[in-house]
Novice: 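Take a look at this one; I'll ask things after.
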Number of protein chains: 2
Amino acid sequence: MSTRVTMRDVAEAVGMSPMTVSRALREDRTVSAKTRARVRQIADELGYVYDSTAQAFRTQKSGFVAVTLPSINNANFAETFRALTNGLGEMSLQLLLGSTNYRVAREEELVRQLLTRNPEALILTGGHHTDATRSLIQGRGLPVIEMWDLPADPLGHVVGFSNGDAMAPIVDHLARTGRRKLAFVGASEGADMRGAARRAGVVAAARARGLPEVAMIDAGPAPVSMRHGAAAIEAVGRDVARYDALVCVSDPVAFGCLSAVQRMGLRVPGDLAITGFGHFEVAKVSHPRITTVNVQAEDIGRQVVTLLQGIFDGEVDTAMRVDVGSELVVGETS
Amino acid sequence: MSTRVTMRDVAEAVGMSPMTVSRALREDRTVSAKTRARVRQIADELGYVYDSTAQAFRTQKSGFVAVTLPSINNANFAETFRALTNGLGEMSLQLLLGSTNYRVAREEELVRQLLTRNPEALILTGGHHTDATRSLIQGRGLPVIEMWDLPADPLGHVVGFSNGDAMAPIVDHLARTGRRKLAFVGASEGADMRGAARRAGVVAAARARGLPEVAMIDAGPAPVSMRHGAAAIEAVGRDVARYDALVCVSDPVAFGCLSAVQRMGLRVPGDLAITGFGHFEVAKVSHPRITTVNVQAEDIGRQVVTLLQGIFDGEVDTAMRVDVGSELVVGETS
DNA sequence: CGGTATCATGTTACCGGTATCAATTGCGAC
DNA sequence: GTCGCAATTGATACCGGTAACATGATACCG
């Protein structure tokens with residue numbers, strides 16, 4: 001069994017102390033250029049691989065930033081994640097990702113697990129958590145950022161937008177173009193809190209505009225996607241024509257609805273308007289293009305990075321609340 | 001500064017040694033049930049959080065399995081990832097994810113970084129790597145699994161399918177239904193090796209069936225998705241009608257092509273057949289449904305888990321090669 | 001030329017768990 | 001009561017880096 005190559009081995013080969021090797025490999029300028037080069041070369045020759053675990057242990061800095069996402073199969077979250085990876089990578093931080101499948105209980109378990117890795121910050125998607133999650137997080141000095149939401153009672157910092165408020169422009173737009181009988185298509189009440197907030201936003205906006213009560217079309221438990229939207233409309237059948245507009249919880253759901261409606265021979269937007277949420281690629285590409293709301297997923301990631309930089313540099317003392325906003329993008333389905 | 005709660009603190013509070021606390025928290029049956037319960041309770045009261053870093057350091061087992069994916073914004077990879085998360089979670093292993101953006105140079109950097117975390121296994125998507133990556137990996141005892149491909153010269157174990165061979169049934173199907181003038185729509189030569197393999201598979205199959213040379217429609221650098229497919233077809237314009245069939249590198253690209261073609265007023269499959277790859281949701285839901293190839297992304301994840309179990313249990317000595325296959329799914333676009 | 005600043009390197013201890021082996025206790029059998 | 005064995009618990013060392021401080025060598029100053 002060839003035991004692994006450590007700094008000590010490199011040091012011995014170089015004829016210097018482990019400390020010097022450590023410094024050399026970290027580009028410490030107190031080590032002479034000559035020594036540094038020699039250490040590098042010999043480390044390579046021996047196939048030395050640095051042990052981040054030991055470093056994390058000794059320095060009590062893991063180099064990890066923990067992130068929870070409801071689902072990794074979501075273009076918007078993926079974009080945020082990519083922005084985080086890039087931004088934090090430049091700060092030599094590595095993302096430790098966990099996916100909650102839209103369940104707060106799973107989130108709790110995940111946070112528990114992630115915390116044992118001693119992350120330097122915790123980034124949660126959404127603002128709803130179990131009490132246990134909250135108490136797990138509180139009290140440690142750990143910076144916490146909730147994103148993709150603007151919770152009323154945040155755990156720490158917040159970078160997001162109001163899922164409820166974001167729906168008002170859609171309802172406005174539909175009302176202005178003469179639609180009155182709206183139906184909301186989304187997941188069943190329960191796990192997806194951002195979806196629920198959007199639903200509530202639609203209901204409130206419709207009331208404010210004096211529209212009739214919004215009908216609810218249930219697409220099943222979260223996460224809901226294209227096929228759930230299509231199946232929900234198929235279940236409703238041609239009765240769907242009794243609505244003026246389908247307001248969907250997300251673009252994939254909207255696309256599912258669009259396909260199902262087209263399949264029935266109804267015309268969009270002639271017979272029925274359809275709107276989505278999230279500015280997913282499918283909304284931009286589909287025929288007709290789906291009216292949606294752009295939430296600037298990438299910007300959320302970038303803002304989180306900026307915020308974390310400020311936190312690590314000690315420039316942030318109070319809990320920040322960044323509203324990245326959202327904007328209506330009118331397509332061809334309304 | 002309230003220094004963190006350690007096992008020693010818990011031990012002191014309980015009035016026992018840290019060793020006993022360690023055992024109690026790990027459900028070691030040599031600790032009496034009474035002691036275990038007391039330790040648990042006091043640990044909770046003190047807000048003790050276990051330190052996996054210390055454990056990883058001492059035991060030299062990180063509890064990590066490193067995974068590289070080309071892109072996390074891909075439903076198929078996401079499905080594999082989910083299967084891995086679930087399966088490995090049951091073995092108390094945590095995934096350490098990195099995304100390569102379809103670039104082998106980025107993969108090299110990523111592998112280097114991941115290896116410093118001392119993972120217990122390394123799972124790579126695809127079978128093409130830089131020489132440096134290969135030499136980084138070789139020689140350590142680390143189990144390596146390449147997935148989503150069947151490389152000729154594997155690094156270790158393999159769970160995947162042949163991207164080239166998977167295209168033959170598509171070409172067969174198109175040829176049988178009278179299509180002769182095929183065009184392949186995919187990323188430019190370069191980064192995406194699985195895409196290139198698919199392209200080569202189409203060219204080879206077309207030759208074998210005596211079809212005319214396959215035309216190439218370039219959708220730009222990888223990763224290519226819906227909008228790149230659409231843009232590529234828009235660039236070609238109505239000349240696209242000179243082809244019988246568009247064979248696309250993936251379902252999202254196929255969907256982009258479909259939309260663009262429909263937008264031009266051409267009929268699918270009347271004027272033109274379109275095929276995709278990957279059995280993405282969009283292929284099942286779009287109107288018309290896209291003919292595609294099902295690659296069983298989830299099964300790949302499950303097989304990798306099974307394989308890893310075998311490896312950790314010492315039941316696997318030789319390099320395994322698991323072909324999960326693929327199957328044509330005929331839709332309405334051909 | 002002595003004294004001090006600067007640069008390069010070394011020594012020691014320690015981060016928080018756990019493997020290993022030793023010690024103690026409890027209990028039934030004889 | 002004593003012995004033997006199992007059931008518990010404890011003591012010690014160690015995993016591989018690096019912070020903090022110490023040391024030795026060299027340069028530079030008046």
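A note on names: the letters A, B, ... follow the listed sequences, proteins ahead of strands, and every chain is numbered from 1. Computed from a predicted structure; not experimentally measured. Side-chain atoms are counted along with the backbone in the values below, which use heavy atoms only and exclude waters and symmetry mates.
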Novice: Return the set of residues passing side-chain contact (heavy atoms from CB on, under 4.5 Å) with A:R82 (not counting sequence neighbours), or none when no residue passes.
Specialist: A:E79, A:N86, B:N101
Novice: One thing to verify: whether A:R302 and A:E298 come together as a salt bridge, which I'm taking to mean a side-chain N less than 4.0 angstrom from a carboxylate O.
Specialist: yes
Novice: Under the rule for ring-ring contact (aromatic ring centres under 6.0 Å, His included), what residues qualify as partners of A:F64, not counting sequence neighbours?
Specialist: B:F64
Novice: Can I get a per-line list of side-chain donor-acceptor pairs under 3.5 Å for residues 104-114 of chain B, giving both atom names and the distance, sequence neighbours left out?
Specialist:
{"residue": "B:R106", "atom": "NE", "partner": "B:S99", "partner atom": "O", "Å": "3.3"}
{"residue": "B:E107", "atom": "OE1", "partner": "B:H129", "partner atom": "ND1", "Å": "2.7"}
{"residue": "B:E107", "atom": "OE2", "partner": "B:H129", "partner atom": "ND1", "Å": "3.3"}
{"residue": "B:E108", "atom": "OE1", "partner": "B:T130", "partner atom": "OG1", "Å": "2.8"}
{"residue": "B:E108", "atom": "OE2", "partner": "B:R112", "partner atom": "NH2", "Å": "2.9"}

Novice: How would you list, by chain and number, every residue that makes a side-chain contact (heavy atoms from CB on, under 4.5 Å) with A:V14, sequence neighbours excluded?
Specialist: A:V10, A:M16, A:R38, A:V39, A:I42
Novice: Expressed in angstrom and rounded to an integer, what is the separation of B:M16 atom CE from C:dA23 atom P?
Specialist: 19 Å
Novice: With sequence neighbours excluded, tell me which residues meet side-chain hydrogen bond (donor to acceptor under 3.5 Å, both in side chains) with A:T80.
Specialist: A:W148
Novice: Scan residues 32-41 of chain B against DNA chain D and write down, sorted by residue number, each residue with any heavy atom closer than 4.0 Å; if none is found, say none.
Specialist: B:S32, B:T35
Novice: Please enumerate all residues that pass side-chain hydrogen bond (donor to acceptor under 3.5 Å, both in side chains) together with B:R103, with sequence neighbours excluded.
Specialist: none
Novice: B:F81: what forms a ring-ring contact (aromatic ring centres under 6.0 Å, His included) with it, not counting sequence neighbours?
Specialist: none
Novice: Identify every side-chain donor-acceptor pair in residues 89-96 of chain A under 3.5 Å, counting partners at least two apart or on other chains, and give the distances.
Specialist:
{"residue": "A:Q94", "atom": "OE1", "partner": "B:R117", "partner atom": "NE", "Å": "3.0"}

Novice: Base, sugar-phosphate alone, or nothing: which one does B:T20 contact when heavy atoms must sit under 4.0 Å apart?
Specialist: sugar-phosphate
Novice: Could you give me the stems involving DNA chain D, meaning stretches of three or more consecutive Watson-Crick or G-U wobble pairs whose two defining distances are both below 3.5 Å?
Specialist: C:1-30 with D:1-30
Novice: Among residues two or more places apart or on two chains, list those pairs meeting salt bridge (Lys or Arg N to Asp or Glu O under 4.0 Å) that have a residue in residues 120-144 of chain B.
Specialist: B:R134-B:D153
Novice: Protein within reach of the bases, or only the backbone? For nucleotides 16-28 of chain D, mark each nucleotide 5' to 3' as B, S or -, using heavy atoms under 4.0 Å.
Specialist: BBBBB--------
